Amino acid sequence: MPTDSHAGDSRRITYLEALAEALDQEMARNPDVLVLGEDIGGEFGGAFKATKGLWQKYGEHRVINTPMAELGFTGMATGMALAGLRPVIEMQFADFISTAFDAIVQYAASTHYIWQGAVPWTIRAPADGGTSSGPFHSQNPEAWFAHVPGLKVICPGTPADVKGLLTSAIRDNNPVIFFESKTLYRSLRGPVPPGEHLVPIGKARQARPGADLTIITYGAMLQSALAAAEELAGEDIEAAVLDLRTVKPLDTDQILESVKATGKALIVHAANRMMGCGAEVAALIAEECFEYLDAPVRRLGGLDTPVPFSPPLEQAYRPDAERIAAAARDLDAW
Amino acid sequence: MPTDSHAGDSRRITYLEALAEALDQEMARNPDVLVLGEDIGGEFGGAFKATKGLWQKYGEHRVINTPMAELGFTGMATGMALAGLRPVIEMQFADFISTAFDAIVQYAASTHYIWQGAVPWTIRAPADGGTSSGPFHSQNPEAWFAHVPGLKVICPGTPADVKGLLTSAIRDNNPVIFFESKTLYRSLRGPVPPGEHLVPIGKARQARPGADLTIITYGAMLQSALAAAEELAGEDIEAAVLDLRTVKPLDTDQILESVKATGKALIVHAANRMMGCGAEVAALIAEECFEYLDAPVRRLGGLDTPVPFSPPLEQAYRPDAERIAAAARDLDAW
Amino acid sequence: MTSLSAVERLDIYRWMYRTRRFDEVMVSMFKQGRGLGTCFSARGHEAVSIGAGWGLQPEDFAAPMHRNVGMFMLRGLPPDQLYSNYLGRANGTTRGRDANLHGNGDLSRNLIGFISHIPQSLPVALGAAMSFRYRRQPQAALTVCGDGGSTAGVFHETLNMAVLYKAPLVVVLENNQYAYSTPVAEHTAVSELHLKARAYDMPSQVVDGNNVLEVFKAVSAALAQARAGEGPSLVEARTMRMLGHAIHDGAEYVPDELLAHWEARDPVVRFQRWLQNNDGVRPDELQELERAESELIDQAFAAAEASPFPDPDTVKAGVYAD
Amino acid sequence: MTSLSAVERLDIYRWMYRTRRFDEVMVSMFKQGRGLGTCFSARGHEAVSIGAGWGLQPEDFAAPMHRNVGMFMLRGLPPDQLYSNYLGRANGTTRGRDANLHGNGDLSRNLIGFISHIPQSLPVALGAAMSFRYRRQPQAALTVCGDGGSTAGVFHETLNMAVLYKAPLVVVLENNQYAYSTPVAEHTAVSELHLKARAYDMPSQVVDGNNVLEVFKAVSAALAQARAGEGPSLVEARTMRMLGHAIHDGAEYVPDELLAHWEARDPVVRFQRWLQNNDGVRPDELQELERAESELIDQAFAAAEASPFPDPDTVKAGVYAD
Ligand SMILES: Cc1ncc(C[n+]2csc(CCOP(=O)(O)OP(=O)(O)O)c2C)c(N)n1
Ligand SMILES: Cc1ncc(C[n+]2csc(CCOP(=O)(O)OP(=O)(O)O)c2C)c(N)n1
Ligand SMILES: [Mg+2]
Ligand SMILES: [Mg+2]
């Protein structure tokens, strides 16, 4: 898997190490930060070991093991957050975030608008597929939450961003849903600043410049888009790659600026394309870039099926570098 | 409120009467059809009286009162449906559908794809605002469900359609989410065939022809769009109004056909515009009608805030005929 | 902490009476069409709201629900701002954003807002309790849950976690016989609601919810235990919803005898009599108190009705915290 | 119905042994890297799966979970198709759509598919039970729920409704001491899991989940009661998860003594001894049976490994029923 090199530092660690580092550093910095979730207590350190070592270091007081009760413990975190703490909730898999739905989209999301109660929690949700994990361990459910006022939704695609954005999420005074790509956990390494590292929420990043078209993406698809762009470069097609990083709020300025410059847009995400976040991006472009567009706005996303388990089916389900390159060629030739 | 006249019959009944009629007729026709939900048992007939009289007529066997346990009773309905019954679940308000989220988007939606178990239930969810009911009794949450493979999502906008589509939903072999506009329950009358009446799921309806632009909408906004179109006609702007009726599956054929003919599209719904169903429609048009568009694709929807309670705030939140007309004028002048 | 002076008892009565008057004026105004949206009458729930609320310290957290206007007022929300909330005015407790008692949170008063999705305040109150445990502060959180609310899954999740974590939480189970049109026996399988706590080895007890002193005694003791680190408990307060579920509901499904039974145990009347019989409070003292309270409430409603609606330009403000 | 002949008992053993072998081959193949995704070992759960499943009639509904491979097989799913499912093959029970025992529903066998969102099968099984009540058919539905699953809210909602509606439902609470890495005492507040049923006035009992005859007796009696219209009940079967949560999990968090305690009570070994001591089954009979079963399982795995993957062009098929 290709690596990322947008941070200025030479130390290269994995996506998972980067996020564990952010958790550790924020817990060290602020005694109000705590983690809670299933199987994160004791020596175990959680299903993906993202919280490994925190219990030994910070105690059971700040590393709270929970029963399988996502709705209840997310609501509990809301109460802690209203009282000024900064809980970081680990969903064991992003797929189980639907179990906590009311606590997120109804209670936590609306509280500040209605009665000015700030809810500074972060939900870490290991999302994403491509790993033969089947329909209930492969979901990318960001669109549900991006539709909800009051939430922020982050989908980092590099080790540096996972650290910088998780740090920002923990410090943010609003409920933040942080979708990690577990596909990248151990497969992607990149440079990550060892010390305090903050990436602003809501800012996209141009991951690659290019004049011929703009590929707009986020999460694990960033790596596929970069691979596709590399391939296209060999064919004299210069594709800009814009990594949204945050899907709510959207960085409309950068999206529009890039598409106005290239005149062509290809939007890519691993989540179901139908009614996915890419639709909002396409609609935004269709509305704001009408006079700049030289081709239809194209989208690639998951099929409108559950994420299938078997490799040939999942490959058919999920966009990849090859399909991105094909769609880009098509746009370029328009 | 303007009325609708697309059915050929002269008997005019309310939106609420039409849906009660569909329920009654389907229960009479098929002994496998039953209703369940909060406060629908006994003489009470539910919060909106949609099931009034059914308990007396069909007995407690087929009219099941439930505790306040949306997740549990929706899952229960899934089991009944797998066993061949056709439960019609009443959510007391659409806002509470989030409480049943797992049972809907995870279990019921995926079952046929994974193991060919058909789940022929319908959830009736009284949705919509504009009535000073506040953030938790005014929601239009169709986008969450339209993103989920395996579900069908219906948002009828007329008495005839509410009857015809509810009948089709009950007979459909898949889980169907049926969002009623409670705003229209008693305020909208229209002609409704008294006997068996079926409207196909997934077919839009041209509610008004027009050559200058296409207003694409559904639910209660249909009435606002028709009012706007009427007003525009006086200014020599002929707006076609396309009533989607079903948001999943989308009637892409009719959307594209109409927009290709007019070259201009305005999409309107009451739900939060951000990441709403309108985004998918706009993205579809941007992708498929590029060479036909004479203006940017425009969308009107709710603001990216909870639905506020106080009338001046809710009016600012929600699209209306005036704002639709203004956006249409703008498009026309492009 | 759990004993009361005669002065305090009279003050408790003042709050109960205020609660009653607030409700009466609200109901009559809504019936006259001067309300907005809907409202939920608290008639019959005065002893629960005030008796339970009286045991709270300012530093404790409280999470009342849609019939606990007494507790909201006791916690410091002014009646005029509450009425303004019912009427959607800019100076309402939610600045026009939510209706009736929904959303009445106020962190400056350690008050947790209520949302429709019942009983979502339960785990949130648990979290508030956990914040005390986290910071090793000797305070407690109190939440109210209806009989109907106790059938929702999150009730089970919350009680289980509260006991596991020994959280300083007190759950007041306000059993008012109905969840909307559904009587307890039709929504709950167990013979006595407080027994639900036994599934979590959580101590529980039943009190007469129309006896304010009894409610106070049980809840303040439970709070004291919680503050002392002895863990959570549940108090079932048996009472009756004397009017319909919401203003439009005539509650024809409630048997007359049941209402008559509870009418004879009206918590406000009963405590008034008790004060006369036991504390020697004189009828004229009571009359003066009641007159003053009625005036306060009438003025609060008038002030609310005279208050302006919010400016639509503010509609987007406050979705996010800075 | 609840008594067994010696022939049946030997057959029960056959199924337990088959279950054990299925698991052993699965675990060793996954350890060799010949699996796909993950898998959950059923080692130690043979008596629960077979003992409970043995009480079912074909018309009853069953909703097993991720460790009940024995019950899935007993219900008629062929071992080769099950293995094919683990390996993502076209002829797997879910045609490559879901993993391991997930999604193994089959309406022709009145078998309800399991999904990850635990314990979502609980209310679904209740619904299946309700369909019998609706149609006045004298059948029952059985569902299995883990100790961890019993902390989720929908457990509470389901049990409450089951009793309210007097549904013919039997809940087997498979208490295998752990939910992933979390021991029962850290996820559940009550001293004995079966007491949770008391919050719904639901009859409940505990059985030794490693004693197949005891499991059978209790569950078949519960099913008979349910079919007879006497309502739902819960059977807590105490057993032990002998391997990690899933294949990658070494379960270092499980104390050795605990494993040793249960190893000495291995349900397969124990029942084998019982048959020798009580039914006079001869060692050579057992050897022959075990050899035949091992062969059957080996062949099933080989058949699965030789089966083709699904055609990617079929990926969209079947999202909707016609
Ligand atoms: C999750 C959810 N489902 C349904 C409702 C609709 N609803 C509002 S109050 C109510 C009954 C509540 O009963 P109870 O908890 O006993 O409180 P009470 O109104 O009797 O004080 C219902 C069903 C809701 N608010 N939340
Ligand atoms: C709602 C939900 N949250 C989390 C998980 C992840 N998970 C899978 S199995 C499991 C533990 C289940 O424990 P138990 O119910 O005791 O069953 P066991 O695995 O011990 O047989 C967890 C936490 C899940 N499947 N569903
Ligand atoms: Mg009640
Ligand atoms: Mg377990």
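Heavy atoms only: backbone and side chains are in, while hydrogens, waters and symmetry mates are out. Fair warning: this is a prediction, and the values are worked out from it, not measured in the lab.
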Salt-bridge present (A:Glu280, A:Lys248; N to O < 4.0 Å): no
message: So for C:Phe155, is it side chain, backbone, both, or neither that comes closer than 4.5 Å to the heavy atoms of chain A?
response: neither
task: Apply side chain to side chain donor-acceptor pair (under 3.5 Å) to A:Thr167 and A:His197, showing your working.
output: CA-CA 7 Å; A:Thr167 306; A:His197 175 52; over 6 Å; no
message: Between the side chains of A:Glu196 and A:Arg29, is the shortest nitrogen-to-carboxylate-oxygen separation below 4.0 Å, so that they form an ion pair?
response: yes
field: Salt-bridge criterion met for C:Asp60 and C:Arg227 (N-O under 4.0 Å)
entry: yes
field: Contacting region of C:Leu111 [heavy-atom separation from chain A under 4.5 Å]
entry: backbone
statement: Counting heavy-atom pairs under 4.5 angstrom with chain A, the leader among C:Thr158, C:Thr93, C:Ile112 is C:Ile112
task: Report the relative orientation of the aromatic rings in A:His61 and C:Tyr134; use parallel for angles under 30°, tilted for 30 to 60°, perpendicular for over 60°.
output: parallel
- prompt: At a heavy-atom separation under 4.5 Å, does A:Asp172 approach chain C through its side chain, its backbone, both, or neither?
  reply: neither
- line: chain C shares the most heavy-atom pairs under 4.5 Å, among A:Thr111, A:Leu34, A:Leu85, A:Thr78, with A:Leu85
Side chain / backbone / both / neither for C:Ala317 at chain A, heavy atoms under 4.5 Å: backbone
- prompt: Considering only heavy atoms, which portion of A:Ala103 lies under 4.5 Å from any heavy atom of chain C: side chain, backbone, both, or neither?
  reply: both
task: Select one option (side chain, backbone, both, neither) describing which atoms of C:Asp322 are under 4.5 Å from chain A's heavy atoms.
output: backbone
message: Please classify the contact between C:Tyr165 and chain A as side chain, backbone, both or neither, with a heavy-atom cut-off of under 4.5 Å.
response: side chain
query: Among C:Lys316, C:His156, C:Arg135, which has the most heavy-atom pairs under 4.5 Å with chain A?
result: C:Arg135
message: Does this structure show an ion pair linking A:Arg171 with A:Glu26, if we count only N-O contacts that are shorter than 4.0 Å?
response: yes
- line: When the 4.5 angstrom heavy-atom criterion is applied to A:Asp102 and chain C, the contacting part is both
field: Between C:His66 and C:Phe114, ring centroids under 6.0 Å
entry: yes
query: Looking at C:Leu122, C:Val154, C:Leu164, which makes the most heavy-atom pairs under 4.5 Å with chain A?
result: C:Val154
field: Result of checking C:Phe72, C:Phe301, C:Tyr83 against C:Phe22 for ring pair (Phe, Tyr, Trp, His ring centres under 6.0 Å)
entry: C:Tyr83
query: For A:Tyr218, is the NZ or CZ atom of A:Arg245 found under 6.0 angstrom from the centre of its six-membered ring and inside 45 degrees of the ring axis?
result: no
query: Where does A:Pro175 contact chain C at under 4.5 Å (heavy atoms): side chain, backbone, both or neither?
result: neither
query: So which part of A:Thr74 gets closer than 4.5 Å to some heavy atom of chain C, the side chain, the backbone, both or neither?
result: neither
